[in-house]
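The structure under discussion appears below in the form of structure tokens.
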Number of protein chains: 2
Amino acid sequence: MNSKRNSTIRGSSDFKYISKASRHRQEGGDANAISHVPKEIRAIFRGGRLKCTPQRLAVLGILQKSMKHLSINEVHRGVKKILPRTGLATIYRTLEALEELCLVVRVHLEDGCQSYALAPSGHQHPIVCMGCNRVVDFEECPLEDISRRLSRETGFKIQQHFLQLFGKCRECQVP
Amino acid sequence: MNSKRNSTIRGSSDFKYISKASRHRQEGGDANAISHVPKEIRAIFRGGRLKCTPQRLAVLGILQKSMKHLSINEVHRGVKKILPRTGLATIYRTLEALEELCLVVRVHLEDGCQSYALAPSGHQHPIVCMGCNRVVDFEECPLEDISRRLSRETGFKIQQHFLQLFGKCRECQVP
DNA sequence: ATCATTGCAAATGTTTTGCATTCGA
DNA sequence: TCGAATGCAAAACATTTGCAATGAT
């Protein structure tokens with residue numbers, strides 16, 4: 001399982017939550033932007049014994065729609081358009097929860113790692129566009145052989161890796 | 001230049017600065033721990049038009065001696081043993097300067113990326129021990145072929161990558 | 001002697017926490 | 001209903017900045 005050539009724009013599946021969004025008398029926002037939560041998502045929350053709240057769905061939705069990584073504050077800004085009374089603390093807690101469920105991942109950039117993106121499904125690695133922050137994933141993992149060999153050579157038991165590519169997407173190449 | 005099988009403990013070269021360490025009437029510390037600064041180091045500072053100060057050398061020295069990545073505070077603690085009056089702000093500024101000179105690199109971990117380690121020489125990637133934080137580098141870069149291919153497939157012009165392996169070193173495997 | 005760098009302290013920014021309230025299950 | 005999650009405000013922590021003093025060149 002080393003060469004399944006394939007790359008996908010992250011978040012291409014079809015869950016978009018558009019609904020009532022009430023919690024803590026939230027009103028005034030684009031409150032019709034969370035609905036029909038797909039059963040798989042509910043199941044994932046159930047599995048982690050976490051509640052499926054509008055805030056969490058909103059965060060997920062924001063990240064999904066954007067198809068790029070977003071900073072904590074960008075997520076917050078986005079969520080507030082839907083649920084205006086959402087506090088920053090909730091964003092922190094939510095992101096942490098979603099990370100636990102493996103629904104989102106933290107993105108590591110040159111200048112820090114407080115950005116988040118929708119998690120890729122399966123073992124994938126991201127290519128991040130340095131122009132527009134778009135994230136595309138690829139599945140082929142070139143590290144398995146080398147990990148095995150390095151384990152032998154260095155005595156390390158290699159357990160995981162972190163790989164990310166950076167570049168410019170087609171659109172951003174001619175600005 | 002793709003398979004030059006070789007892995008080195010980071011910082012194995014032979015510069016250790018042991019000296020007077022004066023600046024801002026620093027006294028009381030282990031002031032004999034910075035000396036004979038190798039000319040290559042001075043040249044690198046010169047090249048970047050940055051001054052070669054005891055604080056900067058101390059930071060470099062700390063990272064070199066430790067052979068593992070250190071948090072900002074660990075670096076600070078270490079530097080203060082030699083130059084007791086060193087402020088935290090200086091550590092921030094110093095690390096930034098050294099990063100600019102490519103003498104140190106920021107290390108990305110699960111829970112953040114505010115750790116620093118001596119920069120590897122040449123194109124290398126680190127293997128980080130999750131037990132003791134030791135860092136070992138390897139030179140073989142498995143990404144060149146795949147980068148080229150992904151460029152073709154995705155339309156991205158891939159310019160750089162970030163790769164880090166995690167595991168347990170021999171000592172930490174049986175704790 | 002000059003000017004980058006430092007130490008210090010204050011300002012700013014980021015993340016976490018405590019708790020009363022609310023809502024999902 | 002009941003406990004997990006939220007909003008809000010305050011606390012804790014991390015980083016940056018301004019400036020006078022210092023020292024590397």
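Convention: sequence-line order gives letters A, B, ...; per-chain numbering from 1. Hydrogens, waters and symmetry mates are skipped; everything else that's a heavy atom, side chains included, is used.
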Want to settle it: does B/Lys51 or B/Asn73 sit nearer the 5' end of DNA chain D, counting the closest nucleotide to each? B/Asn73
Where each residue is assigned the nucleotide of DNA chain D containing its nearest heavy atom, which of B/Ala89 and B/Cys52 is assigned the position nearer the 5′ end? B/Ala89
Given [N], is OP1 or OP2 found less than 4.0 Å from the side-chain N or O atoms of [X]?
X	N	answer
A/Gln55	C/dC23	no
B/Thr53	C/dT5	no
A/Thr90	D/dG7	yes
A/Thr86	D/dG7	yes

Is the ring pair B/His161/B/His123 parallel, tilted or perpendicular, if the boundaries are 30 and 60 degrees?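 Perpendicular.
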Closer than 3.5 angstrom, by distance alone: can the side chain of B/Ser151 be matched with the main-chain N or O of B/Phe156 as a donor-acceptor pair?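 Pair found, side chain donor or acceptor close to backbone of B/Phe156.
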Return the value, rounded to whole Å, for the distance between atom [atom1] of [X] and atom [atom2] of [N].
X	N	atom1	atom2	value
B/Leu57	D/dA24	CG	P	10 Å
A/Ile72	C/dG13	CD1	P	17 Å
B/Leu88	D/dC13	CG	C1'	11 Å
A/Ile91	D/dC8	CD1	P	12 Å
A/Arg56	C/dC23	CZ	P	15 Å
B/Arg85	D/dT22	CZ	C1'	12 Å
B/Glu100	C/dA4	CD	P	14 Å
A/Leu50	D/dA5	CG	C1'	10 Å

Quickly, which of B/Thr86, B/Leu103, B/Thr94 forms a side-chain contact (heavy atoms from CB on, under 4.5 Å) with B/Val59? Name it, please.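 Option passing the side-chain contact (heavy atoms from CB on, under 4.5 Å) with B/Val59: B/Thr94.
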Which pair of heavy atoms, one from B/Val135 and one from B/Lys68, lies closest together, and at what distance?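 Looks like CG2-CA, 3.9 Å.
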Can you find an N or O donor on one side and an acceptor on the other, under 3.5 Å apart, linking the side chain of A/Arg42 with the base of C/dG24? no
Would you say the base of C/dG7 and the side-chain of B/Arg93 have a donor-acceptor pair closer than 3.5 Å? yes
Counting only heavy atoms not in B/Glu96 (residues, nucleotides, ligands), do more than 12 fall under 6.0 Å from its CD?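 Atom CD in B/Glu96 is not packed in, count stays at 12 or less.
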